[in-house]
Each structure stands twice: as C-alpha cells, then as structure tokens.
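Numbering of ligands and ligand atoms starts at 1, following listing order. Throughout, residue positions are numbered sequentially from 1 according to the sequence presented.
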Amino acid sequence: MEKKDFDISIIRPEMRLADFKLRGQGMPSDRLKRIKEGLQTLHTLETMAVNIYKFQITKKESELNLQLISAMGNEMTHLQDFQIKLYEYGFKPSKLRRLYWVVGFKFGFFSRLLGTRAILKTDIWVEKKAVRHYGVLLREIDWDEETRKIIEKDQADEYGHINRWEAFLKKPEVEP
Ligand SMILES: [Fe+2]
Ligand SMILES: [Fe+2]
C-alpha cells in the first residue's frame, strides 16, 4: 500500500500565521454540513489514534518505542490539523470524541499487555480502517482545496504507518 507525492518523513509540517483562515463564507449550507461531519469524524478518529500509540509505548529502550513515539507525534499533528479546521469553519469537535478517547486507550493499553505482535497487528488493522475512511471522506465531500491537501497528506501518513508496521512485523525478533 502506498500513496505518492507527499513527504511522510515530515511529521509536523510547518504552519504559519498566514495559513490560518476563517472558512466557509458563502458556501451553501448542505456543503457546510458535510464538511462539518467530515471534520468531526476525522478529529474523532485522530483522538483515538493518538491514544492508541500513547498507551502502547513502554519505558523500554527499543526501536519499537521510538517508532511508536514518532507515530504518536504524527497523529497529534493530524489531531491539530482537524481541530484547527473545525474552528476555522466555526464548528466544534463532536462530543462523541470522548468515547473514542476511551476506545483508543483500550486498544493501546490491552495490545501493549499482549506484546509486540499484538501492538503491530492492532496498529495495522486500525490504520487500514483509517485509510479507507479517509478515502471515502475525500471522495464524498466537496472540501476547500487547502483542507483537501491536508487530508491527503494525513492519509499518506496513515499509509506510511501501515508500511512501517508491516515491515516491523517481518523482523525476526517479532516472528511468532
Ligand atoms: Fe492520523
Ligand atoms: Fe496513523
């Protein structure tokens, strides 16, 4: 699985003052409604993603922990991306996100208890769902161009996560 045209080694793209904008003026209300639902969904998913990685990290000095920390940082960027876009449009995050905070915690915490293979398999499973979800939202919603670019970059990051965890799963020390 791959997605080209984005440098996914950039974990946190620069965002300058001039990149912030008030959005949505003059858009028809049905378009705004779809954008709101899409941003709330993405923001909620990313809330979960941050927690999955956060609760998978242990104190051990390992390559896996290093990679999990960078993935967590990347998901924190995604969370910021969608939180900023929500407020630029005059929307608020979904109340449901608190539930997904708990879901993310559970995925992260319980996979950590089961060990490296469970961590990697959980992450691959969740990231594949995320990539598909991103794809549907990209197809079905009439985004403004800047928001679309951000969603595409973030989707490319999720492809990158899948590739990284799949490669890690093949390492001899992880083999069952
Ligand atoms: Fe993400
Ligand atoms: Fe991800």
Side-chain angles (χ1 to χ4, degrees), residues 1-15 19 35-58 62-88 91 93-94 96-112 116-141 143 146-170 174:
M1 279 178 131
E2 59 178 321
K3 178 109 188 178
K4 296 191 183 75
D5 305 331
F6 289 97
D7 183 353
I8 59 165
S9 69
I10 300 173
I11 299 297
R12 199 158 61 165
E14 183 179 56
M15 196 172 181
D19 297 324
I35 290 177
K36 178 181 178 182
E37 288 167 358
L39 286 174
Q40 286 186 333
T41 300
L42 289 162
H43 180 265
T44 297
L45 286 175
E46 297 299 343
T47 300
M48 178 177 77
V50 171
N51 259 15
I52 293 175
Y53 290 123
K54 184 164 71 186
F55 288 103
Q56 286 178 332
I57 298 164
T58 65
S62 69
E63 177 60 25
L64 179 64
N65 277 327
L66 183 61
Q67 303 246 9
L68 288 171
I69 294 165
S70 83
M72 175 185 71
N74 201 202
E75 306 298 2
M76 289 166 80
T77 301
H78 299 171
L79 183 62
Q80 283 197 0
D81 286 340
F82 301 126
Q83 189 158 326
I84 290 166
K85 287 291 168 282
L86 277 168
Y87 283 92
E88 284 180 339
F91 307 143
S94 157
L96 262 183
R97 75 190 185 284
R98 300 177 210 282
L99 191 71
Y100 280 82
W101 190 100
V102 176
V103 173
F105 157 73
K106 287 190 174 174
F107 272 126
F109 183 79
F110 289 105
S111 60
R112 186 182 74 195
T116 302
R117 267 187 85 74
I119 286 176
L120 294 169
K121 292 207 145 192
T122 300
D123 296 347
I124 291 166
W125 184 76
V126 172
E127 294 284 4
K128 281 187 172 168
K129 283 209 172 309
V131 159
R132 240 172 279 139
H133 218 128
Y134 267 75
V136 171
L137 295 173
L138 278 167
R139 264 197 314 279
E140 294 186 349
I141 296 175
W143 299 99
E146 286 157 336
T147 303
R148 173 175 292 277
K149 271 270 154 308
I150 284 175
I151 298 170
E152 286 173 352
K153 157 71 164 91
D154 292 358
Q155 188 194 34
D157 289 336
E158 316 299 17
Y159 275 107
H161 292 155
I162 295 171
N163 290 337
R164 190 196 297 179
W165 307 134
E166 283 185 338
F168 217 104
L169 206 50
K170 294 197 187 97
V174 185

- Query: Are the ring centres of Y53 and W165 closer than 6.0 Å?
  - Reply: yes
To the Fe ion (ligand 2), the closest N, O or S atom belonging to E127 is OE2
Listed as residue and atom, the protein N/O/S atoms under 2.8 Å from the Fe ion (ligand 1) are E46 OE1, E46 OE2, E75 OE1, H78 ND1, E158 OE2
Quiz question: by atom type and distance under 3.5 Å, do the side chains of E158 and H161 form a donor-acceptor pair? yes
- Message: If the threshold is 4.0 Å, N to carboxylate O, is there a salt bridge linking K149 and E146?
- Response: no
Evaluate the ring planes of F55 and W101, with Trp represented by its six-membered ring, and classify them as parallel (under 30°), tilted (30 to 60°) or perpendicular (over 60°). perpendicular
- Query: Judged by modelled atom types alone, do Q40 and H43 share a side-chain donor-acceptor pair under 3.5 Å?
  - Reply: no
Item to check | Salt bridge present between K153 and D157 (N-O < 4.0 angstrom) | outcome: yes
